[in-house]
Amino acid sequence: MEEVSVLKVRVRFSKKGSMKFIGHLDVMRYFQKALRRAEIDVAYTEGFNPHMIMSFASPLGIGLTSDAEYMDIELKTPISSQEAIERLNQVGTEEMSVTGFVCVPEGKANKAMTLVAAADYSLRFRKGHEPDADWKSGLPSFFAQEQILVMKKTKRSEKEVDIRPLVYKWGLKEDTLFLKLAAGSVANLKPELVMDTYLNTQSVSCDPFAYEINRCEIYADVGSDGVRDLKSLYALGEIIL
């Protein structure tokens, strides 16, 4: 039987508004329906129970919004990036908007889920949940530390971990904290853990649901010899004309 050639595609989408409350499995179901309704010819697995070939870079936690989530699919019939984006957005919701559709190289090493090495986040306090005390002035000295030790819980025990090497960059603009953090299967740091740790050092308290967190971008590390070189997952692909 002649093998059908497929085109590997990376889809970038945002997740906003009420869609931040749906979990990863519901996001998968959403795109399975959207791809069928948009009549995009996606490849399926073989066997008695075929399903769409799709994988996601790094599932977003419930309650977080995002500007750049990524899904890899395989196409049996090529389609231009512009047309695919238009079709998917016509059948979908504005709160889950497709913003990119690029061709990426074949191979397991190029899967979005295995490439993830870092992510950008913005964090601010929800209106009415800001701390009463000053929470900004101590940030420079906090991130200037050589070590930031936290207790991390595992299923069996607790252990002390230095999270400072996992904070690649930080910045503050008005009332929003920007963080570039390690992400992926090798090392993963959540922005809320960074902020919780910082506020504890300042003896500043806030309620557990005080943060508004948005994931701005996800990166792969294309560096070599121990030199980090982060590029967005989208930048690794090419527009389909």
Side-chain angles (χ1 to χ4, degrees), residues 12-24 57-70 95-97 99 115-153 160-221 228-235:
R12 183 181 64 192
F13 62 96
S14 62
K15 191 179 180 188
K16 302 290 183 179
S18 60
M19 298 302 280
K20 70 182 180 181
F21 297 114
I22 71 168
H24 177 57
S58 179
L60 190 67
I62 292 178
L64 277 66
T65 59
S66 178
D67 298 321
E69 296 301 287
Y70 291 95
E95 294 183 339
M96 194 93 83
S97 177
T99 60
L115 288 171
V116 176
D120 285 343
Y121 298 92
S122 64
L123 183 153
R124 63 183 180 184
F125 290 97
R126 300 182 191 279
K127 191 173 182 179
H129 293 266
E130 303 89 346
D132 294 330
D134 169 37
W135 64 271
K136 303 176 187 176
S137 59
L139 285 168
S141 57
F142 175 75
F143 287 112
Q145 297 177 100
E146 291 185 2
Q147 282 189 325
I148 300 176
L149 300 176
V150 300
M151 292 299 296
K152 269 199 168 184
K153 292 183 179 180
E160 195 171 51
V161 178
D162 180 15
I163 63 171
R164 184 61 188 90
L166 307 182
V167 180
Y168 299 149
K169 193 175 180 180
W170 77 276
L172 182 68
K173 185 176 181 180
E174 297 179 351
D175 294 327
T176 303
L177 176 66
F178 295 92
L179 295 166
K180 186 184 294 291
L181 306 176
S185 57
V186 176
N188 190 69
L189 182 58
K190 294 181 178 180
E192 54 266 42
L193 177 59
V194 177
M195 194 61 168
D196 286 346
T197 304
Y198 165 67
L199 292 178
N200 285 337
T201 66
Q202 304 297 299
S203 298
V204 175
S205 60
C206 64
D207 67 72
F209 304 104
Y211 307 142
E212 282 187 358
I213 300 173
N214 182 70
R215 184 152 67 184
C216 309
E217 187 55 272
I218 302 176
Y219 299 92
D221 187 355
R228 189 183 304 119
D229 183 10
L230 299 177
K231 286 191 176 181
S232 73
L233 295 185
Y234 188 75

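Only a predicted model underlies this, so the values are computations on that prediction, with no experimental measurement involved.
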* **Heavy-atom side-chain contact between K180 and L230 under 4.5 Å** => yes
* Gap separating the CZ atom of F143 from the CG atom of L179, nearest 0.5 angstrom -> 5.0 Å
* **Worked verdict on R124 versus T176 for side chain to side chain donor-acceptor pair (under 3.5 Å)** => CA-CA 5 Å; R124 63 183 180 184; T176 303; 4.8 Å; no
* Asked: Looking only at atom types and distance, does a side-chain atom of N188 sit under 3.5 Å from a main-chain N or O of K190, one as donor and one as acceptor?
  -> no
* Structure fact -> dist S66:OG -> K20:NZ (nearest 0.5 Å) comes out at 12.5 Å
* **Step-by-step salt bridge (charged side-chain N to carboxylate O under 4.0 Å, His left out) determination, D120 to K169** => CA-CA 9 Å; D120 285 343; K169 193 175 180 180; over 6 Å; no
* D67 and salt bridge (Lys or Arg N to Asp or Glu O under 4.0 Å): which partner among K16, R215, K15? -> K16
* If you take all heavy atoms of M19 and E95, which pair is closest and at what distance? -> CG-CB, 3.3 Å
* Asked: Taking all non-hydrogen atoms of both residues, which atom of Y219 and which atom of S232 are closest, and how far apart?
  -> CD2-N, 3.5 Å
* Asked: Got a second to check how far I148's CD1 is from I163's CD1, nearest 0.5 Å?
  -> 5.0 Å
* Return the minimal non-hydrogen interatomic distance between L166 and A187, and the atom names on each side. => CD2-CB, 3.8 Å
* Structure fact -> Looking only at heavy atoms, the pair that brings C206 and L199 closest together is SG-CD1, 3.7 Å
* **Contact check, side chains of M96 and I22, non-hydrogen atoms, under 4.5 Å** => yes
* To do: Please answer whether the main-chain N or O of D229 pairs with a side-chain N or O of D221 as donor and acceptor at a distance below 3.5 Å.
  => yes
* Give a yes or no on this: more than 12 heavy atoms of other residues, nucleotides or ligands lie within 6.0 Å of atom CG of D132. => no
* Asked: Looking at W170, Y211, F142, which one forms a ring pair (Phe, Tyr, Trp, His ring centres under 6.0 Å) with Y198?
  -> F142
* **Non-hydrogen atoms of A182 and Y168 that approach each other most closely** => CB-OH, 3.4 Å
* Give, for atom CG of L177 and atom OG of S122, the distance between the pair rounded to the nearest 0.5 Å. => 9.0 Å
* Ignoring hydrogens and angles, tell me if any N or O in the side chain of Q202 forms a donor-acceptor pair with the backbone of N200 under 3.5 Å. => no
* To do: Please confirm whether the backbone N or O of L149 pairs with a side-chain atom of D162, one donor and one acceptor, at under 3.5 Å?
  => no
* **I213/T65 under side-chain contact (heavy atoms from CB on, under 4.5 Å): CA gap, chis, key distance, verdict** => CA-CA 7 Å; I213 300 173; T65 59; over 6 Å; no
* About how many Å separate CD of E69 and CG of L64, when rounded to the nearest 0.5 Å? -> 9.0 Å
* **Nearest heavy atoms of A57 and V116, plus distance in Å** => O-CG2, 3.5 Å
* Hey, could you give me the CE/CZ distance between M195 and F125, rounded to the nearest 0.5 Å? => 3.5 Å
* Ignoring hydrogens and geometry, is there a side-chain-to-backbone donor-acceptor pair from R12 to A68 under 3.5 Å? -> no
